Number of protein chains: 2
Amino acid sequence: MTDTMAETTDETAIQMGEIQNSLGFLLRVAQIQTFERFFESLGSYGLKPGEFTVLWVIGLNPGMRQGTIARHLSIKPAHMTKLVGRLIKQGFVAREQHTEDRRAVRISLTEQGRDFVAENKGAFLMQNAHERNQLSPEEMETLIGLLQKLTGRDTHAS
Amino acid sequence: MTDTMAETTDETAIQMGEIQNSLGFLLRVAQIQTFERFFESLGSYGLKPGEFTVLWVIGLNPGMRQGTIARHLSIKPAHMTKLVGRLIKQGFVAREQHTEDRRAVRISLTEQGRDFVAENKGAFLMQNAHERNQLSPEEMETLIGLLQKLTGRDTHAS
DNA sequence: AGAAAATAGTTTACGCGGAAACTAAATAGG
DNA sequence: CCTATTTAGTTTCCGCGTAAACTATTTTCT
């Protein structure tokens, strides 16, 4: 599962240098791994992490504008359109015209969407369960806190 | 159905729930931001983070097989082919046939490639300089250590 | 040796996500 | 009012990264 030490070709003596400590590099690898884990639990439904996140937030904010949700999730408008389109096609989300501002689009979950979120909430949040990775609960907490701070998403940001 | 049915027009009052603490979500946002920072410094050269990383590792391991490097960087073979192709087109990398195994491809940096890496090494590694983000040096160190552990890439396990 | 399997890398087809151009609706300015 | 600007979302086009199929070479097995 982890790096196969058995494979002892001379080629494996690779030098990585400071890249090993590069934030960008580590974030990339971490995300790849997280992505893979996600598919182990939710992949069977053909849903991607981003899609589940959107579903989740729509569920918490029914009737909100899709643009607002996109902005808060750092999703680009163009991408949001397609994302919502997919979710609608799957029957999880419904669009409704904003009555006051007819440019705006309100979105909310369908019954099916609510059920889906409720069912898979656990699996999704399991991502940071320490059983699934190398970190202790405290370490995971620290990591998440630091990432929140790094991204300016900690609740008590300056 | 629930009490959250109140339609929110206020943008700031968005609910995110446990997603805020989701490792996957935070990794995604962090990576987007890191990506943006990268372009501020190296974007002018039209080089992507992944490309610079590959360039870097080739520089540290001249003449190594491209597949070996790919594996160590969690890059898929197909992608590696295109990556190397681009780097060759830019004049940074050179291919040479492996003499013993004619299937294998050895790659190394050109003079231009070495110069480029030397020039931009500082800018690339600056990513984790605390001046560029919200974290103190110690916090950054902790974060990097935790990410290494999470990804199983902490070579010098504490 | 010769067929079969394994290995290295490439090509092809596809989906995701982004930038920019576009449409539609609301607001501002005269 | 009526044009001009802004805002919300969509569409179009493009590049990245992946899976799967493919080519070429090496190894294994009999």
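Worth saying up front: this structure is predicted, and the values here are computed from it rather than measured.
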Any pair counted as salt bridge (Lys or Arg N to Asp or Glu O under 4.0 Å), so long as it reaches residues 50-62 of chain B, sequence neighbours left out | B:Lys48-B:Glu51, B:Glu51-B:Arg86
Do we see a donor-acceptor contact under 3.5 Å between the side chains of A:Ser136 and A:Glu138?
-> yes
Least distance between heavy atoms, A:Ala104 atom then A:Arg65 atom | CB-NE, 3.5 Å
Is it the case that one hydrophobic cluster holds both A:Ile32 and A:Leu47, taking links as side-chain heavy atoms less than 4.5 Å apart, direct or via other members?
-> no
Are there more than 12 heavy atoms of other residues, nucleotides or ligands under 6.0 Å from atom CD of A:Glu141?
-> no
Nearest-angstrom distance from the residue atom CD of A:Glu96 to P of D:dG9 | 13 Å
Report the distance from atom CZ of A:Arg28 to atom P of D:dG17, rounded to the nearest whole Å.
-> 8 Å
The contact string for nucleotides 8-17 of chain C, one letter per nucleotide 5' to 3', using protein heavy atoms under 4.0 Å with B, S and - for base, sugar-phosphate only and none, comes out as SSBBBB--SB
Think B:Arg102 has a side-chain N or O under 4.0 angstrom from the OP1 or OP2 of D:dA24?
-> no
